[in-house]
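Okay, structure first, notes after.
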Amino acid sequence: MDEESKEYKQKDWQRHYDENDMGWDLGQVAPPFVRLWEEGILPLGKVLIPGCGRGHEVLFLAENGFEVTGVDFSEGAVTHLKNSLMERNLKGQILYQDFFSLDNSHDGVYDLTLEQTFFCAISPWQRQDYVQNVSRLLKPGGLLVGLFYHTDKEGGPPYNTTREDIETHFSENFKILKLEKESLSAEQRKDKEWLGILKKKD
Ligand SMILES: C[S@@+](CC[C@H](N)C(=O)[O-])C[C@H]1O[C@@H](n2cnc3c(N)ncnc32)[C@H](O)[C@@H]1O
């Protein structure tokens, strides 16, 4: 098989939702994000969550006063999340589209981009594009807060993310404020997640 045909496409992600096969879904907001919120590290304002899936982070932040935009190109994720927001009487903008094609009405809009298991879900060749897009969408000085998955395995998704990967891709556009192995990770990801807090350079 050539590299192109091995690639994960939108329909492959959608199949996970159709078959209720979402091994990545923690069923709750990732505990490190709750700690960061308690510590007041997440700037209250407009937050973008790319590849939000069923959106535990979207719900948590919407409940706590953030103006949340979640993006996912799987219909199964978006429908589930919109229903969850409605059931809880919460507001949030949920976009059913490719993160890489957000139009320029989103440029410089967000105080915070928060993500887990999205950087590892996209193909490695898209990583620089990811950096350019997050940078484009954040306000000057905005934060990217991410849990990056250090699988230590070949192939993917999830694609392995090392400290060097993060430093190499982000250093030009972002100041790395924090990059360390996370201690509060969910059991299945213990010692396998980098918590990155990165600030967009002006
Ligand atoms: C591994 S899942 C993680 C979901 C969520 N972040 C979580 O941790 O529960 C990756 C998600 O990214 C979505 N996705 C992958 N590539 C995407 C893209 N280019 N644009 C929008 N969503 C994408 C998939 O549909 C899937 O819901």
Side-chain angles (χ1 to χ4, degrees), residues 4 6-37 42 47-63 66 68-85 92-103 106 110 112-137 144-151 153 155-161 169 182 184-190 192-196:
E4 170 71 7
K6 271 192 288 185
E7 260 193 28
Y8 240 57
K9 303 255 169 36
Q10 191 275 342
K11 66 175 176 14
D12 300 307
W13 288 109
Q14 177 56 38
R15 194 179 318 117
H16 282 275
Y17 292 94
D18 295 340
E19 296 175 358
N20 206 17
D21 169 25
M22 288 153 298
W24 62 77
D25 191 321
L26 298 177
Q28 58 168 359
V29 57
F33 292 146
V34 178
R35 188 197 59 224
L36 292 176
W37 171 72
L42 305 180
V47 51
L48 177 71
I49 305 191
C52 59
R54 289 183 153 190
H56 305 292
E57 282 68 36
V58 172
L59 297 167
F60 175 76
L61 293 176
E63 256 161 8
F66 291 75
V68 189
T69 299
V71 186
D72 205 293
F73 68 7
S74 294
E75 201 262 336
V78 167
T79 304
H80 185 92
L81 178 51
K82 283 186 175 171
N83 286 337
S84 303
L85 282 163
Q93 176 177 226
I94 308 305
L95 303 176
Y96 171 34
Q97 72 174 89
D98 189 333
F99 166 71
F100 294 96
S101 63
L102 286 174
D103 68 30
H106 296 271
Y110 299 96
L112 170 68
T113 298
L114 183 123
E115 84 118 290
Q116 63 158 336
T117 53
F118 181 58
F119 190 74
C120 69
I122 59 172
S123 298
W125 63 264
Q126 293 178 295
R127 288 182 169 184
Q128 208 48 45
D129 205 6
Y130 171 102
V131 174
Q132 295 303 330
N133 274 287
V134 174
S135 178
R136 167 174 78 84
L137 303 168
L144 166 63
V145 172
L147 284 168
F148 298 101
Y149 198 9
H150 192 172
T151 65
K153 293 192 181 135
Y159 294 99
N160 191 28
T161 310
H169 286 289
E182 172 54 47
L184 267 192
S185 293
E187 200 48 45
Q188 60 271 46
R189 300 206 195 127
K190 280 261 178 287
K192 290 186 186 160
E193 283 184 319
W194 296 104
L195 171 65

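The first residue of the sequence shown is numbered 1, and numbering continues consecutively from there. Atoms within each ligand, like the ligands themselves, are counted from 1 in listed order.
- Ring to ring, F118 and F99 are close: their centroids are under 6.0 angstrom apart.
- Around ligand 1 you find W13, Y17, W24, G51, C52, G53, D72, F73, S74, Q97, D98, F99, F100, Q116, T117, F118, A121, each with a heavy-atom distance below 4.0 Å.
- Counted by atom type alone, E193 and H150 present zero donor-acceptor pairs between their side chains at under 3.5 Å.
- Note: F60 and W37 have perpendicular aromatic rings, judged against thresholds of 30 and 60 degrees for the angle between ring planes.
- Counting only residues at least two apart or in different chains, salt bridge (Lys or Arg N to Asp or Glu O under 4.0 Å) contacts with residues 14-26 comprise D12-R15.
- Listed here is the closest heavy atom pair of Y17 and G53: OH-CA, 3.3 Å.
- In summary, E182 and R35 engage in a salt bridge, as defined by a charged side-chain N under 4.0 Å from a carboxylate O.
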